[in-house]
Amino acid sequence: MSDKIIKVKTMAEMTAAGETPEILFWVGCSGSFDDRAKKITKAIVRILDHVGIKFAILGSEEGCSGDPAKRAGNEFLYQMQAMQNITTLNMYNVKKIVTGCPHCFNTIKNEYPSLGGNYEIVHHTQLVQELINTGKLKVQGGEFKGKKIVFHDPCYLGRANNVYEAPRDIIQKLDVELAEMKRSRANGLCCGAGGAQMFKEAEKGTKEVSTERAEEALSNDPDIIAVGCPFCNTMMTDGVKHFNKENKTKVLDVAELIAKANDL
Amino acid sequence: MLSPVVFSILLISVAAFFTFHAKKIRRNILIGKDIDLTANKGERTKTMLKVAFGQSKMVVRPIPGIMHFFIYAAFVITQIELLEIVIDGVSGGHRRIWHAIDGTALSGLYTFTINFIEILSVLAFIATITFLSRRNIIRLARFQKPEMKGWPTKDANLILCAEIFLITCIMMMNSADLELQARGETMRTASFIISSNFQNIFSGMDSSTVHLFERIGWWGHIMGIFGFLVYLPISKHLHILLAFPNTYYSNLKLKGEFSTLEAVTDVVAPNFDPAYKPKTDPNNPVRFGAKDVHDLSWKNLLDAYTCTECGRCTSACPQNITGKKLSPRKIMMDTRDRLTEVGKNMDANGGKFVDDGRSLLGDFITTEEIWACNTCNACVQECPVNIDPLEIILEMRRFLVMEQSQSPAELNNMFSNIENNGAPWQFSQADRANWTKEQ
Ligand code: SF4
Ligand code: SF4
């Protein structure tokens, strides 16, 4: 990936300039603050910039979607967050959203409507798939040609929303060998982060969930474990480190694969 | 003519006993909070036909799926033969249906049906032996979890043994009858494909002994069925009936969508919209989340009675796989056990529940289990009868957080971070777009 900084405008800036974006990029907390996840965010920005889609972010007007609060049982806090975000999104008259986080995706798509937030939202893998299918984005294998890649389904993209093919479709466009774990698609195993587990120690057990999942992914002996969620990314990276395999197997988001393969 | 009288009295008593218990189960389920699941009848019927009738989620695991299908099909189709048994029992006759249609075009159908039942019975017999060995010899992991200790394991084995008993009885009845027919003692039917092979067991016996065996088979089978009906209400085998309504009332939404609590919206929304009109009755405050069975929905409670304790959910649960206490099957079993306890309490107190100082959360399910869940929906995906253990877990979290302020300290930190900074970590919301300036 190149190092150039792409100018990203906020909704406020665009509105002040009298402009309207085609799509709002919902970055999410992880994508905004987590060092590893920020790289995914930037990869998505490069793709959007490359195809020339006019997009904006909310910047400091974006707040946590409320997913971790809701899954942890704090419906009050969730609804406070949701209504705050809905107020902002409606103020800017947002219609279409893309996000890199399956948790934000799920919450905004399925849970905001009952609180008055109705938007068309896609996960970045769905957007990329559409861009490829409509010929707006050409992809080549680049550095990944011939590599063995195994895809880990994020629960909130897969089981929660039945999106299984978009990420696989894109990966296959890279001329790679796409391997499958035994537990995949609807039977995929969680990485261990969901349900607010990301923010607490695990209960007493015999193993970390991330270790169990990474073990399964590594049993395919892949060059890359592809993910589509910043939390899965953290967990799988931990899991790979647990087995000291970080030199052999990289954990990369599908957006990063596309951006790197095409030198964006 | 003693036997028709005995039979009829038995039949009526069993039917009355079963109805009495079925009504109790219905009453217990309706302890749950009301939710409206009446819309989308077409889609609901389709789901029921696919998942319950067509067993679509069973075949995901081919071996037990096919084996279970044999038992299921044998069970359903045997009801036709059972019909004749009941007619014969009440009237004191022998093969009344055959008698009525002998010589007509329908007689071929009779023979076909009996043969079909016999073939399925053999397949069901093989399946039952397979299931018994999976549980007791191979000892598959999902049948050995802590919640299966004691009664649940006995329950499963008992039913499987009863299955073998029923099949043996019906085979004995048919083969002894064929021998009697050959001797001209009873009315002739066509030969039956399986039982004809056992006919020669009886060839050396005198006719009255063969007749006795035929009767033992006949009475054994029907007593087995009666016993099953009496036993059903206290066993996990209610699924053979409840799988149908339970799949009919399945959640039709995407699995990722968790319910929105309107009572919470009524508190939060006026902050954003002063003109907001509350949707819930302020004079009738509800408990947030669930502490006991009364706080769950009737669908959650129907789920609990429908659970077959198969453990598919638990074997797919990431937390259980990695040795944590959480087991979605146990959540369902606990819910049912507590509901049964509440039902007994009501029976003892003239139909009203009197506080017994116990609750589902605390006395049955621990907070350790509740906090371990990944909300990953693997259990929901796996369940062959569309049970949703996750919803119960979430409701308990809601109770712990919103009624008791009892969440793990780390989660409390996460909450206050979101509240103060709009992110689960301690970063300032003002810095949210800082990444745009970094390389
Ligand atoms: S949703 Fe919770 S209980 Fe169900 S499988 Fe996932 S972690 Fe286990
Ligand atoms: S909840 Fe469903 S999958 Fe789990 S034990 Fe009960 S019937 Fe089986």
Side-chain angles (χ1 to χ4, degrees), chain A residues 3 5 8 10 27 29 32-33 38 41-42 57 59-60 62-64 66 68-77 79-81 83-84 87 106 109-111 114-115 155-156 159-162 186-187 189-190 192-197 199-209 211-213, chain B residues 253-258 260-261 264-265 267-269 271-272 288-289 316 318-319 321-326 368 371-378 380-381 394 396-402 407-408 410-411 413-415 418-419 422-425 427 429-439:
Chain A
D3 290 340
I5 295 183
V8 179
T10 62
V27 184
C29 300
S32 301
F33 294 120
K38 281 194 258 184
T41 305
K42 288 171 200 163
I57 58 168
S60 58
E62 185 187 281
C64 172
K70 187 170 180 101
R71 313 293 142 190
N74 197 336
E75 182 76 3
F76 271 103
L77 182 55
Q79 291 200 13
M80 288 295 287
Q81 285 304 120
M83 285 190 205
Q84 184 57 59
T87 307
N106 176 69
K109 177 169 175 279
N110 301 319
E111 292 164 353
S114 66
L115 298 174
C155 303
Y156 276 84
R159 260 192 306 274
N161 288 290
N162 302 326
N187 300 320
L189 186 79
C190 176
Q197 299 303 329
F199 306 100
K200 61 183 263 298
E201 286 298 317
E203 276 64 26
K204 206 166 73 45
T206 49
K207 212 179 190 182
E208 291 287 341
V209 176
T211 312
E212 168 82 16
R213 187 53 166 170
Chain B
K253 295 183 191 145
L254 283 168
K255 291 191 187 65
E257 177 177 348
F258 289 15
T260 301
L261 279 188
V264 170
T265 313
V267 180
V268 177
N271 296 314
F272 295 87
F288 295 126
Q319 294 292 347
I321 288 169
T322 53
K324 319 294 170 17
K325 266 213 183 113
L326 173 62
E368 180 180 343
W371 288 118
C373 176
N374 278 118
T375 70
C376 72
N377 264 308
V380 183
Q381 175 72 36
L394 179 76
M396 297 202 155
R397 285 187 175 184
R398 285 174 167 172
F399 172 78
L400 287 169
V401 172
M402 294 190 287
S407 28
E410 300 137 297
L411 290 187
N413 272 341
M414 182 263 286
F415 293 152
I418 294 182
E419 211 172 319
W425 302 286
F427 293 105
Q429 189 157 4
D431 296 337
R432 227 176 149 95
N434 283 5
W435 61 268
T436 57
K437 299 181 201 87
E438 300 161 7
Q439 263 184 4

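Numbered from 1 within each chain, the chains take letters A, B, ... in sequence-line order.
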dist A:Lys70:NZ -> B:Arg398:CZ (nearest 0.5 Å) comes out at 5.0 Å
Side chain, backbone, both or neither: which part of A:Gln81 has a heavy atom under 4.5 Å from chain B? side chain
Cut-off 4.5 Å, heavy atoms of chain A, and the answer for B:Lys437 is backbone
Show, in sequence, the C-alpha distance, side-chain angles and deciding distance for B:Asn271 and A:Met80, and conclude whether the side chain to side chain contact (heavy atoms under 4.5 Å, CB included) test is met. CA-CA 9 Å; B:Asn271 296 314; A:Met80 288 295 287; 4.1 Å; yes
Got more than 12 heavy atoms from elsewhere within 6.0 Å of CD, B:Glu438? yes
Part of A:Lys38 within contact of chain B (heavy atom distance under 4.5 Å): side chain
Atom pair CD (B:Glu419) and CG (A:Asn74), whose distance is rounded to the nearest 0.5 Å: 8.0 Å
With side chain to side chain contact (heavy atoms under 4.5 Å, CB included) as the criterion, how do B:Val401 and A:Leu77 come out once you've worked through the C-alpha distance, each side chain's angles and the decisive distance to 0.1 Å? CA-CA 11 Å; B:Val401 172; A:Leu77 182 55; over 6 Å; no
Measuring heavy-atom distances to chain B, does A:Tyr156 have an atom under 4.5 Å in its side chain, in its backbone, in both, or in neither? side chain
Part of A:Glu212 within contact of chain B (heavy atom distance under 4.5 Å): side chain
If I take atom CD from residue A:Glu203 and atom NZ from residue B:Lys325, how far apart are they, to the nearest 0.5 angstrom? 10.0 Å
Honestly, the part of B:Phe399 sitting under 4.5 Å from a heavy atom of chain A is neither
Return yes if some donor-acceptor pair links the side-chain N/O of A:Arg159 with the main-chain N/O of B:Lys255 below 3.5 Å, else return no. no
For the atom pair CG (B:Leu254) and CD (A:Glu111), what is the distance rounded to the nearest 0.5 Å? 10.5 Å
Chain A contact via B:Val380 - which portion, at a heavy-atom distance below 4.5 Å: neither
Given that the side chain runs from C-beta out, which part of A:Asn106 has a heavy atom under 4.5 Å from chain B: side chain, backbone, both or neither? side chain
Closest non-hydrogen atom pair, B:Thr375 against A:Gly194: OG1-C, 4.2 Å
Give, for atom CZ of A:Arg71 and atom CZ of B:Phe258, the distance between the pair rounded to the nearest 0.5 Å. 4.5 Å
Region of A:Glu208 that comes under 4.5 Å of a non-hydrogen atom in chain B: backbone
Donor-acceptor contact below 3.5 Å, side chain A:Lys109 vs main chain B:Gly256: no
For the NZ atom of B:Lys324 and the NZ atom of A:Lys207, what is their distance to the nearest 0.5 Å? 10.0 Å
B:Trp425 versus chain A, heavy atoms under 4.5 Å apart: side chain, backbone, both or neither? side chain
I would like to know whether A:Val8 and B:Trp435 meet side chain to side chain contact (heavy atoms under 4.5 Å, CB included); could you show each step before the answer? CA-CA 10 Å; A:Val8 179; B:Trp435 61 268; 4.3 Å; yes
B:Asn434 versus chain A, the contacting section by heavy-atom distance below 4.5 Å: neither
Chain A heavy atoms under 4.5 Å from B:Ala316: which part of the residue, side chain, backbone, both or neither? backbone
Determine yes or no for a side-chain-to-main-chain donor-acceptor pair under 3.5 angstrom, with A:Lys42 supplying the side chain and B:Thr436 the backbone. no
Specify the closest pair of heavy atoms between A:Leu115 and B:Thr260, including all atoms of both residues, with the distance to one decimal. CD2-CG2, 3.8 Å
Taking all non-hydrogen atoms of both residues into account, name the closest pair between B:Ala433 and A:Gly59 and its distance. CB-CA, 3.9 Å
Please find the pair of heavy atoms, one from B:Leu411 and one from A:Ala72, that lie closest to each other, and give the distance. CD1-CB, 4.2 Å
For B:Thr265 and A:Gln79, which I'm curious about, is there any donor-acceptor pair between the side chains at under 3.5 Å? yes
If only atom types and distance count, is the side chain of B:Asn374 paired as donor or acceptor with the main-chain N or O of A:Gly195 below 3.5 Å? no
